[in-house]
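The shown structure was predicted, so the numbers you read here are calculated from the model rather than taken from an experiment.
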Amino acid sequence: MGMIVEVETGDEDDAVLVPPPNFSMVEDCIFRSSFPSPSNFPFLQTLNLRSVIYLCPEPYPEENLEFLRSQNIRLFQFGIEGKTEVSLPILRDSIMEALKVLIDVRNHPVLIHCKRGKHRTGCLVGCLRKLQNWCLSSVFEEYQRFAGAKSRNGDLTFIDKFDIISLRQCLYSIIYQYQGYGSKKRRLLYKDENLQKPRLASF
C-alpha cells in the first residue's frame, strides 16, 4: 500500500515525497501508516499534522521527536505490546484512551501508527469504525486489507467485543465535529431522547 507523490517545485527535478508503508486516509484529517522513517518526513509535512498517535511501548526515536518538535506536532503514546497474545484489559483500556484522543478534532489532522500499521493500528481503526456504526463485515474487511496474511483472529475478536457504549457514555458532555466528504459537515453525536446533553453518533 505504498505510493510515491511527485510535487512540482519549479526546479528541473521534481521533489519526490514518499509516504510511510501502509499509509492511507481513514477519514478527512485522520491518517494511518506504519512507523515513519526520516525519508517520510517531507511527505508528512504536507499533511499539516497536529498530532501523532503512537501505539507501541518502545521510546520514540530522537530523530522522530525532533521532527515532531520542528513541526509543532503533539505525540500521544499508548504502549500496546505487539505480541500475538496481549492482555485484553490493557489492550481495551489503551484503545479506549486512544479513541478519545482520535475523535477529538482539536487533535486533527492526526496520524495513527504502530510498527507495521497492521495489528495495533488496525484494532484502533476497527473500533473507530464500530463507533461510526459500520457493519462488522466491513470493519473486518478493512482490517484484513491492511493486515494481509498477518491477520490475527484475536484482533478481530477484540474488535467484535469492544464496548462502544462505555465510550459513548463518557463522551456525553463533548461534541466532536468532523469535516465530511465534499461540502457536507458531519458530526459525531450520540442521541438519547431522555437526555439534553451533547451526544455521539455515527456519520
Problem set entry | Verdict with supporting geometry, Leu111 and Ile53, side chain to side chain contact (heavy atoms under 4.5 Å, CB included) | CA-CA 6 Å; Leu111 173 69; Ile53 295 177; over 6 Å; no
Problem set entry | Leu68 vs Leu49 side-chain heavy atoms within contact, under 4.5 Å | no
Exercise. Under 30°, 30 to 60°, or over 60°: which ring-plane class applies to Phe31 and Phe23, parallel, tilted or perpendicular?
Worked result: parallel
Seminar exercise, completed: Shortest non-hydrogen pair, Lys130 vs Phe162, comes out as NZ-O, 3.0 Å
Exercise. Which atoms form the tightest heavy-atom contact between Pro36 and Asn64, and what is the distance?
Worked result: O-ND2, 3.1 Å
Exercise. Do you know the tightest heavy-atom contact between Leu17 and Pro42?
Worked result: CD2-CB, 3.7 Å
Exercise. Ion pair present between Arg129 and Glu141, side-chain N to carboxylate O less than 4.0 angstrom?
Worked result: no
Exercise. Mind checking whether His108 and Ile30 have side chains closer than 4.5 Å, heavy atoms only?
Worked result: yes
Exercise. Hey, does Trp134 have a side-chain heavy atom less than 4.5 Å from the side chain of Glu142?
Worked result: yes
For this session: Verify the distance criterion only: is there a donor paired with an acceptor across the side chains of Thr157 and Asp160 at less than 3.5 Å?
Result: no
Seminar exercise, completed: In Thr121, Leu128, Leu124, the residue satisfying side chain to side chain contact (heavy atoms under 4.5 Å, CB included) with Val26 is Leu128
For this session: Assert yes or no for the condition that the ring centre distance of Tyr60 to His113 is strictly below 6.0 Å.
Result: yes
Exercise. How about Arg50 and Val110: do any of their side-chain heavy atoms sit closer than 4.5 Å?
Worked result: no
Exercise. Under the side chain to side chain contact (heavy atoms under 4.5 Å, CB included) criterion, do Lys115 and Arg120 qualify, and how do the steps go?
Worked result: CA-CA 8 Å; Lys115 186 175 182 181; Arg120 288 165 282 195; 3.8 Å; yes
